[in-house]
Amino acid sequence: MIQVSQLQKTYMSGVRRKPTNALVHVSLHVECGEIFGIIGPNGAGKSTLLKSLLSLVRPNSGTIKLNGFFPSDLRCRQSLGYLPENPCLYDNLSVNDHLIFIARTANLKNPLAQQRIPEVLAMVGLDHVRHKQIRTFSKGMVQRAALACALFTQPEILILDEPMSGLDPLGRKMVTDIIRAYNDQGNTVLFCSHVLTDVERICDRIAIMDRGQLALTITPQELLDITPDVRGESPLETLFVRTVGAGGQQ
Amino acid sequence: MKKTGLSIVILVGCFSIVVWLNAAVHDVRSKQISAEMSDIGRVPASVLVASSLEFKGAMANMMFLNASNFIGRKLMEQSKTLPEEWHQFYLLLDRITTLDGSFLDPYVFAEMMLAWQAQMYDEANMLLEKGIKARPDDWRLPYYIGFNHFFFKKDFVQGANYIKQAAAIDGSPPYFPNLASRLAFYGSRSKTALLFLEEMLVQNKQIKMSSELEKRLVALQGAAQLEDAAFLFMQQQGRKATSIDELVQNGFVESIPTEPYGGQWRLHPNGRVDSSSNFITVEK
Amino acid sequence: MRGVYAVALLSFKEGLRHRVLYGVLLAALLLMGCTVLVSGFFLRDISKVILDFCMATVTLGGLTIPFFLAIHLLAKDIERRTIFTLLTRPISRGQYLIGKFFGLFLITGLIMLLLTGGVWLCLWGGEFLFGSRFFVTVSWVSIVAALFLSWLSVLILNAFVVLWSTVTTSSFLATLLTLFSYVIGHSIDDVVRFLQVEVTMIKISDSIRMTVDVVKYLFPNLAAFDLKSAAAHGLSIPFTDVLILTTYATAYIVVLLVLSTLFFNRRDLA
């Protein structure tokens, strides 16, 4: 369960400390076992929100609770998996090295880890390159390797930042399937994307974010009531353009 | 919050240890550097120049710092500098001036240390000659050499030549031509020496007067005062004074000036005054 | 502890896979080999010459870690965001930094240990070539003590890399600041000595004196860790000195790491 209330984050950039509001009073509630998608234009604050959940970014105000723990509490990260945007793994190490590291941090006994590694690699389709260095990987392979890292400890909450970027259609389908399967086990998934179709397809609830604010939250059922403005556009696209476009005109 | 507090406690604790051990660590090194002095002067100049790449100036500065540290340590410990060490010091200065010929400080050092402290006049002059080549517009360098010739080596002709050379350079004190001719003429009169020394001190204001220089200055002032009195005596009495006491008795000097070297003033028939301590060796 | 251990091991592994390291190792061993031959040009102090060169090479090899590898493992880690893989695990930022430091600790130790083996080979080669009468002054206790102290000074620099990587946002700046720390650390003691000498001819302003007094406590006295020439001459290095320096280095490293943690805890990794 993810609870976010009144989250506020202002970045100070440049020598003059020019403030930029990345998050403006964001409140969010994601139930256990839900797939929650956040969409929004570039620079809307999606990544900042996700990073706040992992305590990579310290919000100026507001509270976050993940399964009842504050993000700065290390226990909360025991049951958390995170896939960063444009994941970057250690070039000189193999996926195997990464997974062994994760097993160590999770206090997973070696035999168990040895059992789990091929399992998770098979899931993302990387079992044949287990000992290859990451430097030899293509972008899609790195993305999948990072996903394997996120899934390795079977976390209760999975946070994905643009999980589909850099993947071919087959890869996308694979990731979608993984998210679904994972969700079927009763786990929570929070992800953000700007590929609307992916979000529409798998999410239980969708939030649209714009300029640091959560503009609205909607379920796929509610989307059915929306008639597209332009022929061939999906209802979500229409809603997105309406929300973000309206904001942009202000 | 609790963790931050703990961190600060550890930080302060460990930093106190660092501060506390600072002196001990300093001492560890003291043992090492007093055991050995920089041998870099022994490296052939050509090798040094080549290996300094494009950092010759910086290299020269570092070496100069080393040289002045060495001298400083010697002065602080008040230990006698061995001839061997002076030679090493000379080599160091020589390499520095090879690396960076226009660097003034080593020449000043050569004059102040090699000439004044180590009595290595020829070495000092050799370095200063190098300096004249590299800094032809600097009147101080020929002036130093002239000073050495005059003051230490008693070679007044050479001294006068160098002062003339210095006088020809822009910015040199206006009385230099006069000084040069006086030098050639009077040679070793104490007043000339005094003038010389005072000029030396004026030129090096940023340099703290070493006790040696100070002493010499007081001695020369005394000698010059007595010589002036003797000259006046001759003018007024029409004959030469026979002793210092005679000058005092006839009121040409109020009291005998102190001789900082602890010797007795001596009045010579040629009107020159020196001391039994030989703070300055005058011709017999 | 588990987090520190995991990060240390991962960085150790990653560092060892770095090709820079093999280049350094190869170059250092070649250099050492050359010194054995070059030492033949000298007359008497052959063992001293060999040891001077070899120990300098060991230190140089060690120094490549903070200046090249550590920057890569830390500043680049933050810059390229590979750090996310670590920090999204149950690892606090302090644990991350300490773990990274220990990774570097291990790598530096390993490299310098291997190069110390090179010193041994060189001495052996020298003895073989020139005869053992030139090698009577060699004291392995001193050599090991000097190299251990040299390792400590490299470790202090590694801790500086940790600090500067957390303070700055670019790896270039971190390298530059580490270089400054190295230069200051090596020259501050000489400056202190210079000022101690009251009799020096040059007047020094009080503001300079005060600055130096502050700086001498803020920056480590790295020059004190250089006992290589004593070891090369076969002089014994007092145990108390080694103890003082070890305590000093340890305390200093802890200061740097705690300071880094305090800074890093406040930093956004956007």
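Chain letters run A, B, ... following the sequence lines, proteins first and then strands; every chain starts at 1.
In this structure, D268(C) does not pair ionically with R58(A), as no charged nitrogen and carboxylate oxygen lie closer than 4.0 Å. Salt-bridge formation is not detected for the pair K76(C)/D91(A): no Lys NZ or Arg NE/NH1/NH2 atom is positioned less than 4.0 Å from an Asp or Glu carboxylate oxygen.
Contact detail for F101(A) and L86(C): the closest heavy-atom pair is CZ-CG, 3.6 Å. Heavy atoms only, all atoms of each residue included: T85(C) and C88(A) are closest at OG1-O, 3.7 Å.
With a 4.5 Å cut-off on non-hydrogen atoms, R80(C) touches chain A through its backbone and its side chain both. Looking at S79(A), there are no atoms closer than 4.5 Å to chain C (heavy atoms on both sides), in backbone or side chain. At a 4.5 Å heavy-atom cutoff, S52(A) makes no contact with chain C through either its backbone or its side chain. Both the backbone and the side chain of N107(A) come within contact range of chain C, judged by heavy atoms closer than 4.5 Å.
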*Kindly indicate, with the supporting measurements, whether the criterion side chain to side chain contact (heavy atoms under 4.5 Å, CB included) is fulfilled by R17(C) and D97(A).*
CA-CA 12 Å; R17(C) 297 265 173 90; D97(A) 294 326; 3.2 Å; yes

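Between Y90(A) atom OH and I83(C) atom CD1 the span is 7.0 Å, to the nearest 0.5 Å. The CZ atom of F152(A) sits 9.0 Å away from the CZ atom of R89(C) when rounded to the nearest 0.5 Å. To the nearest 0.5 Å, the span separating CG on L83(A) from OG1 on T88(C) amounts to 9.5 Å. For the atom pair NZ of K51(A) and CG of L269(C), the computed distance is 8.5 Å after rounding to the nearest 0.5 Å. Summarising the geometry, atom NE2 belonging to H98(A) is positioned 6.5 Å from atom CG belonging to L10(C); distances are rounded to the nearest 0.5 Å.
Under a 3.5 Å cut-off, the side chain of R2(C) and the backbone N or O of T105(A) do form a donor-acceptor pair. For the pair R93(C) (side chain) and L56(A) (backbone), a donor-acceptor distance under 3.5 Å is present.
Side-chain contact between R77(A) and I91(C) is absent, with no heavy-atom pair separated by less than 4.5 Å.
The environment of CZ in F69(A) is crowded: more than 12 heavy-atom neighbours from other residues, nucleotides or ligands sit within 6.0 Å.
Counting heavy-atom pairs under 4.5 Å between each of L93(A), T48(A), L54(A), D73(A) and chain C puts L93(A) at the top. For the set N86(A), I102(A), I100(A), the entry with the most heavy-atom pairs within less than 4.5 Å of chain C is I102(A). Ranking K13(C), R81(C), Q95(C), R267(C) against chain A, the residue ahead of the rest is K13(C), based on heavy-atom pairs under 4.5 Å.
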